[in-house]
Amino acid sequence: MPRHHKRSLRTRALLALAVLAAALTIALTVPVRLGLDLSGGTQIVLETRPTPSTGISREATDRTVEVLRGRIDALGLAEPTLVRSGDHRIIVELPGVQDPGKAADVLGRTAQLTIHAVQGPADTDAPAADPASERVLPDESGQPLRLKAAALRGDDVKGAAARFDPQNGTGWHITVDFTDQGSARWAEITGEAACRPVGDPGRRIAIVLDDKIISSPGIDPSVACGAGIGGGATRITGSFSDTDARNLALLISGGALPVPVEIIEQRVIGPTLGAAAVTAAAWAAAIGTALTALFVMAVYRPMGLLATLALTCYGLISYAALAALGATLTLPGLAGFVLTIGMAVDANVLVLERAREDFAARTRPTARSALTAGFRGALSAIADSNITTLIAAALLFALASGPVRGFGVTLGIGVLASMISTLLITRVLADHAASRPSVHRRPRITGIADTGWTRDRLLHRNPHLMRRPHRWLAVSAALLVAAASGILVRGLDLGIEFSGGRLIEYTTSRSVDPEDARTALAETGFPRTLVQTSGDNELTVRAENLTNAQTATVTETITRLGGDAQKIRDELVGPTLGEELRRNALIALGLALAAQLAYLTVRFCWRFATAAVAALAHDVLILVGVFAWLGKPVDGIFLAALLTVIGYSVNDSVVLFDRIRELLARNHLAPLPLTANRAILQTLPRTVNTGMGAALVLTALAVLAEDALTDFALALLIGLAIGTYSSVFTATPTALALHPAPRPRTRASGKRKPGAAERHGPAVAGVPRPR
């Protein structure tokens, strides 16, 4: 082995060991937070209160829910559940909260911010002379101050942020930015206060939050009388800790609640899924992953074994990253995490299939040279497909909230961990194995010296799949019509997350196992109910909109299990995925698709980029249509599956287009249909092997898991099949249809007669050479 190759291998090995050591340390020392469905959490019930100017209404409560959701996201409490209960109550469920009291304090603050000019000191407990125009409140030290009427309110504040300034000795403080109107008013009141002598209480400005003076700073002597503080910003200083400063900035910038709220209840709740569901999911994950590993080893033999070891390292790195970032792991997230292990096979399969191609093409190949060529040839496809996925993950995390944001975190972690495991760990293991003398003498034992069953059949038959691309587009159009018909005819069965439902709380004479209650309710015709314990003998049932007769059936079932069951709450609840959350998710998804389109346009051309996004839309519509025909619920679990299918669809198309681009670079005069057909045949072994790896995991989940995960796995199996089909028979024909046909050249113009290549199909105008 050359010296430079040994040095490079040693460097990669040390880097891989460092990454694995760090991941193992984090995995052993930092626990992953579990979601409500796996471990339960804290439940806080808030009740809205009317004000003289604002009455209690469902709309005001819904607006309050959205403000609270923003506060919880800013606090870093991932995967919460917020739902309106009745017209004036809000149920907040927080998984894995270590200090529920602090969370309750932040949620219950109305954040009514006002800014007042100070008239002067006041006698202790002296009432205001005119409550409509002035008020008396104690400052930070307890000294009562007489304040003028509010000059600015929360609406005049644009935003706030906690800062630390060690140089000026102010420590933690809050920077407040004002709107244009607020900036002018701020300059006016500070200019008036600056006319008072230094040390006069009237030179102070009081900042009041929820009827409490949080800061009453004096105007700096440098501020001239009548000039005031301009620039549209100010600082709140005081003896703030970092936590106090951040929470205060959060309350100011998060906006005031539309109506005051009061915490009326706070308690610990049990998980929404029982131990049996978790055990079934764990068995499905273990069996599916084992089947995937056996499949990879059967196809690629020793190199497949090394790839399986790298995938194990991938799982460790992903788990450690989730723990380090403080992400919350729910059961759908766990299933998605297991699925990404199956899909991470894709990058390894790309490398090994490339190595097989290189080995077959060389006259005197070696296993090491073929693997080196495989990693080099697959790098472009791996980078492009992963970057498009990372773009989507980043935008989902930045713009969305709730479970969609959590999905962005899981997706981004999975992509980065996959690249590390393939390009670093798999390469170290493969290079080390291929450099052994025994392997050098007998390269066929590696598993990359054989072309494989799929490739052999394709080379033998050599079908021309793109001879008539418009026929494939007609098939895709027919599938779209069938899917759209399902949505129009059957409609979408929106789950409780989107449509709301009914919440019934019981107190029973004896304790009831939630798992027994779920099973009994499923047997009586309510398979999609959420059952939680909320006390020693208290049980909460959350279901879709129930009639009075159905509610009576639920009550009879609970009474049979728990003895004397008394209803202590029966209210209609709103959707947990509120209108603002759905709107933000759609905006994030739209921007993600636009960003992917722009990236693919730069890397390929606009025709290929448009074809990839068109295939993605094709997959999404068909999946939704199939669920409509089957009558399956469209809920939060389906949303996670849909986002996974979107990422898979783009990856599949990018891998195929990358091979078309590579072939065009070798012969840019070749007819595009022939080039595309050749690329399809060359990448089809990778597509089959990757699809089989993911399908084994999903089939295990569909067969062994409980109802919720069965629908999740079913959605992904459908998406996997449709995504594989569309990358070949929708994206590629669309790209061919978008490319213009060449203009014929006639002898009358003095130019040559069209050649055979030109007569065969459209030219490759607009397809750049790879950089």
Side-chain angles (χ1 to χ4, degrees), residues 1-30 296 300-325 340-341 344-359 362 365-387 389-390 412-441 443 445-449 658 770-771:
M1 182 188 300
R3 181 176 301 177
H4 68 87
H5 184 78
K6 290 183 178 180
R7 189 183 308 114
S8 176
L9 179 60
R10 188 180 302 113
T11 302
R12 290 196 193 97
L14 291 175
L15 183 59
L17 288 175
V19 170
L20 291 176
L24 184 60
T25 301
I26 294 174
L28 294 177
T29 57
V30 180
V296 173
Y300 299 106
R301 295 190 288 281
M303 288 301 166
L305 174 61
L306 298 180
T308 301
L309 293 176
L311 290 174
T312 304
C313 297
Y314 159 82
L316 175 63
I317 295 170
S318 298
Y319 179 87
L322 286 172
L325 293 176
T340 55
I341 295 179
V345 174
D346 186 28
N348 289 277
V349 168
L350 273 171
V351 170
L352 296 177
E353 287 294 333
R354 282 284 192 164
R356 281 181 165 182
E357 291 180 24
D358 185 84
F359 194 94
R362 289 174 179 263
T366 63
R368 185 167 57 83
S369 64
L371 283 170
T372 301
F375 278 101
R376 184 173 58 248
L379 181 61
S380 176
I382 293 173
D384 284 335
S385 60
N386 285 334
I387 288 175
T389 306
L390 282 175
I413 290 174
V415 169
L416 293 175
S418 174
M419 294 182 69
I420 291 173
S421 70
T422 301
L423 301 179
L424 182 63
I425 299 175
T426 300
R427 182 154 192 180
V428 167
L429 295 174
D431 278 351
H432 179 75
S435 301
R436 300 299 91 197
S438 58
V439 174
H440 181 75
R441 291 192 299 267
I445 66 173
T446 60
I448 61 174
D658 181 82
R771 301 170 183 171

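In this chain, residues are counted from 1 in sequence order.
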Original post:
Are side-chain heavy atoms of F359 and R354 found at a separation under 4.5 Å?
Top reply: no
Subject >> With sequence neighbours excluded, residues passing side chain to side chain donor-acceptor pair (under 3.5 Å) with S385 >> reply: none
Subject >> Minimal non-hydrogen separation, P302 against I445, with atom names >> reply: CG-O, 2.9 Å
Subject >> Which atom of D358 lies closest to which atom of S369, heavy atoms considered >> reply: OD2-O, 3.9 Å
**OP:** List for me each residue that meets side chain to side chain donor-acceptor pair (under 3.5 Å) alongside R356, sequence neighbours excluded, and say none if there are none.
**Re:** none
Subject >> Non-hydrogen side-chain atoms of L20 and I425 separated by less than 4.5 Å >> reply: yes
Original post:
Taking all non-hydrogen atoms of both residues, which atom of Y319 and which atom of A27 are closest, and how far apart?
Top reply: CD2-CB, 3.8 Å
Original post:
Mind checking whether R427 and T372 have side chains closer than 4.5 Å, heavy atoms only?
Top reply: yes
Original post:
Side-chain contact, heavy-atom cut-off 4.5 Å: L423 with L379?
Top reply: yes
Subject >> side-chain contact (heavy atoms from CB on, under 4.5 Å) partners for L424, two or more places apart >> reply: R12, L15, A16, V19, I420
**OP:** Indicate yes or no for a side-chain donor-acceptor contact from S421 to the backbone of C313 under 3.5 Å, with no hydrogens or angles considered.
**Re:** no
Subject >> Sidechain-backbone polar pair: S418 side chain, G414 backbone, donor-acceptor under 3.5 Å >> reply: no
Original post:
Checking S318 side chain against G315 main chain: does a donor-acceptor pair fall under 3.5 Å?
Top reply: no
